[in-house]
Amino acid sequence: MFEGFSPETVDFLWGIRLNNNREWFMAHKKEYTQYLYEPMKELGQYLFEPFMDEPGKILKVSRIYRDARLHHPVPYKESLWISIRRDTQWWAENPCQYFEITPEGVSYGMVFWKPKPAMMEQFRKTIAQEPEHFLNLIEQTERQTGITITADEYKRCKPCDDEKLERFYKWKGNLACIREEAFGDGTFTPELADRARTLITALSPLTRYLEQFGNP
């Protein structure tokens, strides 16, 4: 059961940022496991409960070890995250709900990071065909979460005949609905899991809608 993170979690995250080498990590591996990795696994299991019966959905807990094949200059990541997504190889080309912890704090919500241009073209065609359904979904999501959905935008807006859709025709990638929290008393209690689960669950209708444009 997730009991919250701790000041020791924050200490480890800052430690790995300032001492990103094998010697330091091996000397502090017990802290990594106890204060970061195990709580993240427990949090992930709690966040995934509403999705367990959803076909094709999986839970992923990231590893702190970087992929040596990619020749990163440092061996370890400075953050850890959970993702709830479709079981597909190209995760960045599919929307996912997530939770991440960094030395500065936590963030959680939904992101569709790198959709291909063809995916966004299909997105524009679809929302043009059923604008009211899409607009109602956006309005409901932003009202329920209290968060404005954002995205990276094209420098030149794609031609749009419906002024209500102009905002969305600008979307290029990194579609996101995210809440960020700096470390504080609320981070170190089980209520953090409840806040994250409430938001992530509320984002499910939008995530499911966007999944039709992802890479299968």
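Worth knowing before you read on, the calculation uses all heavy atoms, side chains too, and leaves out hydrogens, waters and symmetry mates.
In summary, the side chains of S6 and T9 do present a donor paired with an acceptor at a separation below 3.5 Å, with no hydrogens or angles considered. No side-chain donor-acceptor contact under 3.5 Å links Y108 and Q97. Checking Y46 against D194 by side-chain atom types alone, a donor-acceptor pair falls below 3.5 Å. In this model, a donor atom of one side chain and an acceptor atom of the other lie less than 3.5 Å apart for N94 and R86.
Here the side chain of W113 pairs no donor or acceptor atom with the backbone of N174 at under 3.5 angstrom. No side-chain donor-acceptor contact under 3.5 Å links T201 to the backbone of T198. A donor-acceptor distance shorter than 3.5 angstrom exists from the side chain of T187 to the backbone of G184, with no hydrogens or angles considered.
The closest side-chain heavy-atom distance from F2 to T189 is not below 4.5 Å. Within the 4.5 Å cutoff, the side chain of E54 has heavy atoms near those of the R208 side chain. Q212 has its side chain out of reach of Q122: every pair of non-hydrogen atoms, C-beta onward, lies at least 4.5 Å apart. In this structure, the side chains of W81 and I101 stay at 4.5 Å or more apart for every pair of heavy atoms. The shortest side-chain heavy-atom distance between L165 and F134 falls under the 4.5 Å cut-off. K60 has its side chain out of reach of I82: every pair of non-hydrogen atoms, C-beta onward, lies at least 4.5 Å apart. Contact annotation: the side chain of P95 never approaches that of F213 to less than 4.5 Å [non-hydrogen atoms, C-beta and beyond]. Looking at heavy atoms from C-beta onward, E93 lies out of side-chain contact with P115 at the 4.5 angstrom threshold.
Rounding to the nearest 0.5 Å places CD1 of I178 at 11.5 Å from OG1 of T145. Residue I138 holds its CD1 atom at 8.5 Å from CD1 of I127, rounded to the nearest 0.5 Å. With rounding to the nearest 0.5 angstrom, the CZ atom of R195 is 9.0 Å from the CZ atom of F99.
Scanning all heavy atoms of the two residues, the minimum distance from P103 to W14 falls at O-NE1, 3.0 Å. When all heavy atoms of W171 and R124 are compared, the pair lying nearest together is O-NH1, 4.1 Å. Closest of all the heavy-atom pairs between P205 and L137 is CB-CD1, 3.8 Å. Closest of all the heavy-atom pairs between I200 and G109 is CG1-O, 4.1 Å. For the residue pair S79 and T102, the shortest heavy atom distance occurs at CB-CG2, 3.8 Å.
Ring-plane geometry between F188 and F183 is classed as parallel, the angle between the planes falling under 30 degrees on a 0 to 90 degree scale with a further cut at 60. Relative orientation of the H28 and W24 rings is parallel, given thresholds of 30° and 60° on the angle between their planes.
In this structure, E78 pairs ionically with R17, as a charged nitrogen and a carboxylate oxygen lie closer than 4.0 Å. Salt-bridge formation is not detected for the pair E121/K116: no Lys NZ or Arg NE/NH1/NH2 atom is positioned less than 4.0 Å from an Asp or Glu carboxylate oxygen. A salt bridge between E211 and K57 is present, with a side-chain N of the basic residue lying under 4.0 Å from a carboxylate O of the acidic one.
Note on residues 159-170: pairs passing side-chain hydrogen bond (donor to acceptor under 3.5 Å, both in side chains), not counting sequence neighbours, are E142-R167.
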